[in-house]
Amino acid sequence: MTDDKLKPLREQIDAIDAQLLDLLNRRARVAQEVGHVKAETNAPVFRPEREAQVLRKVADNNPGPLDSHDVQTIFREIMSSCRALERRVTVAYLGPSGTFSEQAVYLQFGRAVEGLPCATIDEVFRAAEAGTADFGVVPVENSSEGAINRTLDLLLQTTLSISGELSIPIHHSLMTKSGAMDGVTRICAHSQALAQCQAWLNQQYPNIERQAVASNGEAARLASEDPATAAIAGEIAGQRYNLGIVKAHVQDDPHNRTRFAVVGRLQPAPSGKDQTSLVLAVPNKAGAVHNLLAPLARHGVSMTRFESRPARIGTWEYYFYVDVEGHAEEAKVSAALVELRQNAAFFKLLGSYPFTLD
Ligand SMILES: O=C(O)C(=O)C[C@]1(C(=O)O)C=C[C@@H](O)C=C1
């Protein structure tokens, strides 16, 4: 009875799927042509500003009933597959596979990329600097634990630019080989994850040793090899290493998120809604920071982030990591940057890129 009713509806879906398939391949053939044009001039395959515009447009024009975020996810994958026909880009990230960094790679680039897992954040930068990877994806900041200091230090030294950013929810699970805690003598995770679950661990397992390891993915791998080791990691890492969940969502803050930056040699053109990141330092005098930032207000440029980090040269001096709204090529941003550069003891433009955070 139900099947009788379903049959004509499924026939409609089949007919629409055939049209979609045809349209998708027509789009792919045009992308191939774009690829040929780019190859003639050695132009970059990945154009984040164009992808951001396509995604904004489909969300703006979406009549429903599909949710706009879901439509964007579909189009992200369509563009990823089309891009891969031009050339498959390689993206380095903090591995092993199963980490939140890997998840961030797929969220930003879609699935049709070559992921290159690296053992450390330093290696991610090196891979992109050496050209082994086209881009690197690195964690910048966690909503409960603050800045990822190693990334901030490397951004200061690198020749790469920031070409994009994204933020993803971070849900940690406690996992073991058996799915239970019997016989477990240590809990492994990245130091950030241990910090993000500290209150819960103090309450539930105050007497089990905690060990910081290179990544949550590495913790999951260790737990898969040793029944006396538990891992705190994302569920994807647990699935990859066949772990059982002892308890899901053990992070102290249920809204825990991490912001990632995409680094590479590419400097994206303006997309219409962009953000610019820079690092500044001022001489250690009263009012210096206030004076330093005055050009932003004067030119009507909004600051969206301000983070300080000790310069570690023995005196109380700081580097300031600043994000502002707009692209460095926009007149008012460019004018403010010229003045900021004049006032600062140190000035480094990290990059302008499409604004994508919610
Ligand atoms: O417009 C381009 O430059 C393309 O290569 C096409 C396309 C797409 O599929 O829409 C694919 C890759 C780029 O990153 C941007 C967009």
Side-chain angles (χ1 to χ4, degrees), residues 17 19-63 66-93 101-116 124 127-128 131-138 160-168 260-277 327-330 350-357:
D17 283 350
Q19 287 178 35
L20 280 175
L21 188 60
D22 181 51
L23 284 172
L24 287 172
N25 281 302
R26 273 168 58 189
R27 189 188 194 286
R29 279 192 290 275
V30 178
Q32 280 178 316
E33 274 180 53
V34 171
H36 294 142
V37 173
K38 286 181 183 170
E40 281 165 16
T41 52
N42 228 346
V45 164
F46 177 54
R47 298 287 298 271
E49 74 282 7
R50 171 66 183 159
E51 296 199 7
Q53 285 163 347
V54 171
L55 294 178
R56 283 174 202 151
K57 205 182 307 169
V58 294
D60 288 348
N61 295 344
N62 175 32
L66 283 176
D67 175 85
S68 287
H69 274 109
D70 294 342
V71 171
Q72 286 184 321
T73 304
I74 294 167
F75 273 81
R76 153 99 37 244
E77 291 304 330
I78 292 174
M79 282 193 287
S80 182
S81 302
C82 288
R83 194 197 317 122
L85 287 176
E86 299 179 34
R87 192 172 66 79
R88 212 177 173 89
V89 296
T90 301
V91 187
Y93 64 92
S101 295
E102 186 189 35
Q103 221 171 298
V105 169
Y106 293 137
L107 275 172
Q108 181 73 359
F109 290 89
R111 303 294 299 200
V113 285
E114 204 60 62
L116 179 67
V124 174
T132 322
D134 299 293
F135 296 94
V137 168
V138 287
L160 303 172
S161 299
I162 299 182
S163 55
E165 74 165 1
L166 71 158
S167 139
I168 62 171
F260 291 86
V262 181
V263 291
R265 278 149 292 159
L266 180 77
Q267 296 183 354
S271 73
K273 193 165 181 252
D274 300 281
Q275 179 165 291
T276 296
S277 297
H327 194 285
E329 286 177 18
E330 282 169 40
L350 294 177
S352 292
Y353 47 88
F355 182 79
T356 49
L357 300 185

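First listed ligand is number 1; within each ligand, the first listed atom is number 1.
Closest protein heavy atom to atom 10 (O) of ligand 1: Arg27 NH2, 2.8 Å.
Annotation for ligand 1: atoms under 4.0 Å from non-hydrogen atoms of Cys82 are 9 (O). Numbered from 1 in the order shown, with element, the atoms of ligand 1 that lie under 4.0 Å from a heavy atom of Val45 read 12 (C), 13 (C), 14 (O). Atoms of ligand 1 lying under 4.0 Å from at least one heavy atom of Phe46, given by number and element, are 14 (O). If you number the atoms of ligand 1 from 1 as listed, the ones under 4.0 Å from a heavy atom of Val34 come out as 2 (C), 3 (O), 4 (C), 5 (O). For ligand 1 and Lys38, the ligand atoms under 4.0 Å from any heavy atom of the residue are 2 (C), 3 (O), 4 (C), 5 (O).
With a heavy-atom cut-off of 4.0 Å, Ala31 does not touch ligand 1 at all. At a heavy-atom cutoff of 4.0 Å, ligand 1 is contacted by the side chain of Arg50 but not by its backbone. Of the heavy atoms in Ile78, none comes closer than 4.0 Å to ligand 1.
Distances from ligand 1 to the non-hydrogen atoms of Val30 include no value under 4.0 Å.
No more than 12 heavy atoms of other residues, nucleotides or ligands lie within 6.0 Å of CD in Gln267, so this atom counts as exposed by the packing criterion.
Counted by atom type alone, Tyr106 and Ser80 present zero donor-acceptor pairs between their side chains at under 3.5 Å. No hydrogens or angles considered: nothing links the side chains of Asp274 and Ser352 as a donor-acceptor pair under 3.5 Å.
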Go through the steps for Tyr93 and Phe260 under the test ring-ring contact (aromatic ring centres under 6.0 Å, His included), then give the verdict.
CA-CA 10 Å; Tyr93 64 92; Phe260 291 86; over 10 Å; no
Show your working on side chain to side chain donor-acceptor pair (under 3.5 Å) between Tyr353 and Ser277 and close with a plain yes or no.
CA-CA 9 Å; Tyr353 47 88; Ser277 297; 2.7 Å; yes
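The aromatic rings of Phe109 and Phe46 sit tilted relative to each other, their planes meeting at an angle between 30° and 60°.
Across the listed options Glu86, Gln53, Arg87, Glu86 owns the non-hydrogen atom lying nearest to atom 4 (C) of ligand 1. Here atom 14 (O) of ligand 1 lies nearest to Glu51 when heavy atoms of Arg83, Glu51, Arg76 are compared.
In terms of heavy atoms, Phe355 sits closest to Arg56 at O-NH2, 3.3 Å. For the pair Glu329 and Pro270, the tightest heavy-atom approach, listed with the atom from each and the gap, is OE1-CD, 3.4 Å.
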